[in-house]
Amino acid sequence: MARRTNVDAEQFWLAKSEPDVYSISDLRRDGSTLWDGVRNYQARNFLRSMQVGDQILFHHSNGDPSGVVGTATVVGLAQPDSTQFDPRSEGFDGASKREDPRWCAVKVRFKSRFVVPVTLQMMRADRALSGMRILQRGNRLSVTPVTAAEFARVVELGGS
DNA sequence: GCCAACGTTGGC
DNA sequence: GCCAACGTTGGC
């Protein structure tokens, strides 16, 4: 992994959530929440590399339509995701050990809700966003990095 | 509800 | 370590 030359430099991300499970409205109501339930190693590694102050595009997947609906800020570094140890949780992982947890969660805080959802269609139509991973064929990662320019452009399109 | 794409599992 | 089978994701 590349070492960060400037520890104060913000990083930018896109995180997916199904609105039926946890929506931007839920986050606005709660103020902050633990972003847990990630069960993909690549996405987990992105969670681990998040720093306090990093900015997140909040994306509704399986939405109507799907798209980025707001932003959030990282306020807590990766910590063990407690749902992996809960047999009643969908995210339970019997192979994960408490002394060496497999899955982690970060704490995020509501920042903004867009005036207009930035749909996948809108993002596809924008040349500046053509490199976004979420627009690439077959991408299913629930957490992906975005560039500062992509972040700014999506926020601009969202009008918040 | 369909199905393409991808990750994981497990037999060998 | 290969790879077929299976499960999941998520746009449409």
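By convention in this document, chain letters (A, B, ...) are assigned in the order of the sequence lines, proteins followed by strands, and residues within each chain are numbered from 1. Just so it is clear, the values below take in all heavy atoms, side chains as well, and ignore hydrogens, waters and symmetry mates.
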Task: Residue whose closest nucleotide on DNA chain B lies nearer the 5' end, A:Asn62 versus A:Gly138 - done: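 Taking each residue's closest nucleotide, the earlier one in sequence belongs to A:Asn62.
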TODO: Quick one: label A:Arg124 by what it contacts on the DNA or RNA (base, sugar-phosphate, nothing), any heavy atom closer than 4.0 Å.
DONE: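 Result for A:Arg124 = sugar-phosphate.
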TODO: Scan A:His60 against the nucleic acid and name what it touches under 4.0 Å (heavy atoms): base, sugar-phosphate only, or nothing.
DONE: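 Nothing: the residue A:His60, judged by heavy atoms under 4.0 Å, touches no strand.
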Task: A:Asp86 side-chain N/O to A:Thr83 backbone N/O, donor-acceptor pair under 3.5 Å - done: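 No; zero donor-acceptor contacts below 3.5 Å.
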Open item on the list: Hydrophobic cluster membership, with links at side-chain heavy-atom distances under 4.5 Å among I/L/V/M/F/W/Y: are A:Met123 and A:Val143 in one?
Closed with: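 A:Met123 does not cluster with A:Val143.
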Open item on the list: Tell me whether the rings of A:Phe12 and A:Phe151 are parallel (<30°), tilted (30 to 60°) or perpendicular (>60°).
Closed with: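 Taking A:Phe151 first and then A:Phe12, their aromatic rings sit tilted (interplane angle of 30° to 60°).
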- [ ] For ring-ring contact (aromatic ring centres under 6.0 Å, His included), just list the numbers for A:Phe58 and A:Trp13, CA-CA rounded to whole Å, side-chain angles, deciding distance to a tenth of an Å, and then say yes or no.
- [x] CA-CA 9 Å; A:Phe58 192 122; A:Trp13 309 93; over 10 Å; no
Open item on the list: I'd like to check A:Gln121 versus A:Pro65 (side-chain heavy atoms, cut-off strictly below 4.5 Å). Are they in contact?
Closed with: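 No. Closest side-chain heavy atoms not under 4.5 Å.
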Task: First and last nucleotide of DNA chain C, 5' to 3', lying under 4.0 Å from heavy atoms of chain A - done: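 Counting from the 5' end, contacts occupy C:dG7 to C:dC12.
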